[in-house]
Participant: 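Below are the structure tokens for one structure; questions will follow.
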There are 2 protein chains.
Amino acid sequence: MTGVSRRQLFGLTGAGVALAGAGVAAGIGVDRLDPGSGAPATASTVDFHGTHQAGIVTPTQPNLHFAALDVTTKDVGELRALLRTWTAAARRMTAGQEVVTGGAAEAPPGDTGEALDLPAADLTLTIGFGPSLFDRRFGLAAKRPPQLVDLPLFPKDKLDPARSGGDLCIQACANDPQVAVHAVRNLVRLGFGVTEVRWSQLGFGRSSSTSRTQQTPRNLFGFKDGTNNVKAEDTGVLHDQVWAQPDDGQAWMADGSYLVARRIRMHIETWDRETLSGQEQIVGRSKGTGAPLGQTGEFDQVDLDVGGAGGVPLIADDAHIRLASHQTLAGARILRRGYNFVDGSDGVGHLEAGLFFLAFNRDTRTQYIPMQQALSAKDAMMEYVQHTGSAHFAVPPGLTPASNWGDGLFG
Amino acid sequence: MTGVSRRQLFGLTGAGVALAGAGVAAGIGVDRLDPGSGAPATASTVDFHGTHQAGIVTPTQPNLHFAALDVTTKDVGELRALLRTWTAAARRMTAGQEVVTGGAAEAPPGDTGEALDLPAADLTLTIGFGPSLFDRRFGLAAKRPPQLVDLPLFPKDKLDPARSGGDLCIQACANDPQVAVHAVRNLVRLGFGVTEVRWSQLGFGRSSSTSRTQQTPRNLFGFKDGTNNVKAEDTGVLHDQVWAQPDDGQAWMADGSYLVARRIRMHIETWDRETLSGQEQIVGRSKGTGAPLGQTGEFDQVDLDVGGAGGVPLIADDAHIRLASHQTLAGARILRRGYNFVDGSDGVGHLEAGLFFLAFNRDTRTQYIPMQQALSAKDAMMEYVQHTGSAHFAVPPGLTPASNWGDGLFG
């Protein structure tokens, strides 16, 4: 049924025709949902409901569309209503259904249609709230989690305000880029008059695994990335380092997490002229196997002390894996689910390529921030990368079939 | 074998280690090819060799990376050598192999590595020569095909020079975006000092079928696109309307074609507020089924005269399919293989989305140009789209295992 699950729309079924013929307007929102019309869930769907939002420990799907939005209304009621509308639309789209069923010929379609023939494609939709949402506009200041700090400017940051910040974010991950784009585009469409797009980013070739069932992918430096990532199976680490707990400061965030998004431009042309040995020194791993230097297998426990000639550690003081290691960072870890990107060219003869870094942690103050401070200050890789975008979001907990995004925030 | 075919590099095999140990530098070009090391072709490869270049009538793969390059050298010998180097690299990459085998630790790697664990993924690499290549720099003016005109400025064009033109183009299509990106990136890398990237474009969700084996995809207006496209099975039409013939003016172009690339921004937010009926009037087809207005099936022969109330044709005078029809255009047809794109946001609250239009024809003067002149002047859809980039390329014929890109041009 997967391939036909969205076909309720535009007269593709008798029911759709009948609705259209009755002149029922369907274009404005998703209040005309017909819960009985849902296609059965298939193997290619990820459950939208759960303790945590999907799209965090879900095995990373190969395609991303991420959007940050600004809230343009001053009416908090409109914002809350939109979050409910988004929830209903997300519930349907992640099940492989069109945003609404049916619709009249004389109304704008309630679904834009470009995913009509496509399956759910493991779509997940994950939303977050940025620090700016907790300013004076909506009376939410007292609800701001202490973990949701304004990120500091790190050494060598070269941030573009047009690629940074945002009141809200939508992370859409799927096995088909068109399904991810369709989902973001329809949520944006439903937000017309309430929100607008601040920035958006497409990504491919997931640059981390979030499950031991997945092969480690490679980033655009050609190295395996995320070998030692926190994974779905690491439930103890997830409890300690990823999921917000009830007594972390804002109970409404319990079972949520904090998302750091960083657009990292990679100067691949410079990197490509570095020797293989030099690249491996910078990363601290073998390019072919992904094994830590001095070891043989990708998943060998990293030994930061293993010595080379003269007893000097093979993994240099400024090697990326040393500085990013929880052994160096007082045990701090993060769950990454970044993506590679190429955004055209840079206007001076190069590809505009890089890594769109996404990481989830329980407390950005004690996990991501000290890690990035160490990397920005000392990482040998900094010569080849530049952080050009930055954002931080509180990602609320998961939903039941009866709850809506924003219930905890506004409750 | 597909998944391991690229693993010759970076010491993943004994042979690679031995080469590295011998200190053989492999980073500069691809002259160290070892033809005996090739992995066997698999079901997921498209033959690089043939009468025509692959990537034209090849069933359109779902992912695109397209790059236009400027030639920066003044030395025509360097350009010709690069085309040979590119041929060897493309021959290997389209077979699922790394650009070179082996390589020394103290040299830059001969392959950037990010596709090392990935199969060939039906990669095709197709190159073309822009009008500017035939200027005075390289002595090629007498080789310029008469069909390779400078495209006129069409009504309502709003072209960005930074997204237009180019001396050369590379079209990479694959089933995995990382494979397409890897291929373009490595050809660009090999061109260092000879060429540089002028612009590049990623695309997804192929917006046309080029074979009757494929389902018609949908563009970001939500409509099926390319129902009446010229397809691989239409050999007579291909002969007449796509493939350059020996007596077309430049014999070296025989079995080649002419490629028009147009970046078409789609104002999807405005489109999404149009009624379903209005959208269908503009296109001239039903949104759900793709059937021409007044007919029932997607592939029903388009009847431009079928009348509605009062005998007025259901397909309006300014409907897209009327103006683009070969019935209106003195029989002229083109083969399209475009892609959808979302390039972030436009800075004023919208997604920067659209269609990257790619079309192949035998004579752009009598096929694409009159078609676009009719559309730009009269198409009701022009209210919702804007052409922001434009380029034109002569795509030379296919290769044998012994020939190289540029043989005809320089021969």
Side-chain angles (χ1 to χ4, degrees), chain A residues 7 9-12 16 27 65 67 103-109 112-114 116-117 162 176-178 181 184-185 188-189 192 196-202 204-205 215 218-223 268-269 272-277 279 286-289 340 342-345 347 349-351 353, chain B residues 7 9-12 16 27 65 67 103-109 112-114 116-117 162 176-178 181 184-185 188-189 192 196-202 204-205 215 218-223 268-269 272-277 279 286-289 340 342-345 347 349-351 353:
Chain A
R7 292 177 170 261
L9 206 60
F10 307 137
L12 278 169
H65 189 186
E106 298 314 319
T112 57
E114 70 270 26
L116 203 60
D117 311 313
D176 184 322
Q178 184 130 332
V181 163
V184 168
R185 183 250 193 107
V188 167
R189 180 179 58 82
F192 179 70
E196 61 180 32
V197 177
R198 183 177 174 87
W199 53 271
S200 102
Q201 180 72 53
L202 262 63
F204 63 85
Q215 191 183 23
R218 291 180 186 268
N219 61 30
L220 293 183
F221 284 157
F223 277 75
I268 57 176
E269 297 81 5
D272 288 346
R273 294 197 284 275
E274 180 59 80
T275 64
L276 175 59
S277 161
Q279 292 181 2
S286 154
K287 192 165 189 175
T289 61
N340 302 327
V342 175
D343 291 344
S345 61
H350 310 122
L351 296 175
Chain B
R7 291 176 171 261
L9 206 62
F10 308 137
L12 278 169
H65 189 185
E106 299 313 320
T112 57
E114 70 271 26
L116 203 59
D117 312 313
D176 184 324
Q178 184 129 332
V181 163
V184 169
R185 183 250 192 107
V188 168
R189 181 180 58 80
F192 179 71
E196 61 180 33
V197 177
R198 183 176 174 89
W199 52 271
S200 101
Q201 179 72 53
L202 262 64
F204 63 84
Q215 191 182 24
R218 290 179 186 270
N219 61 28
L220 293 182
F221 284 156
F223 277 76
I268 57 175
E269 297 81 4
D272 289 347
R273 294 197 284 277
E274 180 59 79
T275 64
L276 174 59
S277 160
Q279 292 181 1
S286 154
K287 191 165 191 175
T289 61
N340 302 327
V342 175
D343 291 344
S345 60
H350 311 122
L351 297 175

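What you are looking at is a predicted structure, and each value in this text was computed from that prediction instead of being measured. All heavy atoms count here, side chains included; hydrogens, waters and symmetry mates do not. Numbers restart at 1 for each chain; the letters A, B, ... are given by sequence-line order, proteins then strands.
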Participant: Most heavy-atom pairs under 4.5 angstrom with chain B, which of A/Arg273, A/Gln201, A/Glu106, A/Glu196?
Facilitator: A/Arg273

Participant: Against chain A, label B/Val181 side chain, backbone, both or neither, depending on which of its atoms sit under 4.5 Å from a heavy atom there.
Facilitator: side chain

Participant: Please check: side-chain N/O of A/Lys287 versus main-chain N/O of B/Thr112, any donor-acceptor pairing under 3.5 Å?
Facilitator: yes

Participant: Scan side-chain atoms only and decide if B/Asn340 and A/Gln178 contain a donor-acceptor pair under the 3.5 Å cut-off.
Facilitator: yes

Participant: If you count heavy-atom pairs under 4.5 Å with chain B, which of A/Gly205, A/Gly349, A/Ser277 comes out on top?
Facilitator: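 The answer is A/Gly349.
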
Participant: Please report the C-alpha distance between B/Asp272 and A/Arg185 in whole Å, then the side-chain angles of each, then the deciding distance to 0.1 Å, and finally whether the side chain to side chain contact (heavy atoms under 4.5 Å, CB included) criterion is met.
Facilitator: CA-CA 10 Å; B/Asp272 289 347; A/Arg185 183 250 193 107; 3.0 Å; yes

Participant: Checking B/Arg198 against chain A: side chain, backbone, both or neither under 4.5 Å from a heavy atom?
Facilitator: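 The backbone, not the side chain.
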
Participant: Please report the closest heavy-atom contact between B/Phe204 and A/Pro177, naming both atoms and the distance.
Facilitator: CB-CG, 3.6 Å

Participant: Determine whether the side chains of B/Asn219 and A/Glu114 contain a donor N or O and an acceptor N or O closer than 3.5 Å.
Facilitator: no

Participant: Suppose we screen for ring-ring contact (aromatic ring centres under 6.0 Å, His included). Which residues come up paired with B/Phe221, at least two apart in sequence or across chains?
Facilitator: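 For B/Phe221, the residues satisfying ring-ring contact (aromatic ring centres under 6.0 Å, His included) (neighbours in sequence not counted) are B/Trp271.
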
Participant: B/Leu220 versus chain A, heavy atoms under 4.5 Å apart: side chain, backbone, both or neither?
Facilitator: both

Participant: Applying side chain to side chain contact (heavy atoms under 4.5 Å, CB included) to A/Leu351 and B/His65, what does each step give before you reach the verdict?
Facilitator: CA-CA 11 Å; A/Leu351 296 175; B/His65 189 185; 4.0 Å; yes

Participant: Check side chain to side chain donor-acceptor pair (under 3.5 Å) between B/Asp176 and all other residues, then give those that pass, not counting sequence neighbours.
Facilitator: none

Participant: Heavy-atom cut-off 4.5 Å, strictly under: side chain, backbone, both or neither for A/Glu274 against chain B?
Facilitator: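 Only the backbone of A/Glu274 comes within 4.5 Å of chain B.
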
Participant: Keeping the roles fixed (side chain from A/Ser200, backbone from B/Gly344), state whether a donor-acceptor pair exists under 3.5 Å.
Facilitator: yes

Participant: Looking at every non-hydrogen atom in both residues, tell me the closest pair between B/Leu276 and A/Pro109 and how far apart they are.
Facilitator: N-CD, 3.7 Å

Participant: Would you say B/Leu116 and A/Arg218 make side-chain contact, with heavy atoms under 4.5 Å?
Facilitator: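 Yes, their side chains come closer than 4.5 Å.
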
Participant: With a 4.5 angstrom heavy-atom cut-off, is it the side chain or the backbone of B/Phe223 that approaches chain A, or both, or neither?
Facilitator: neither

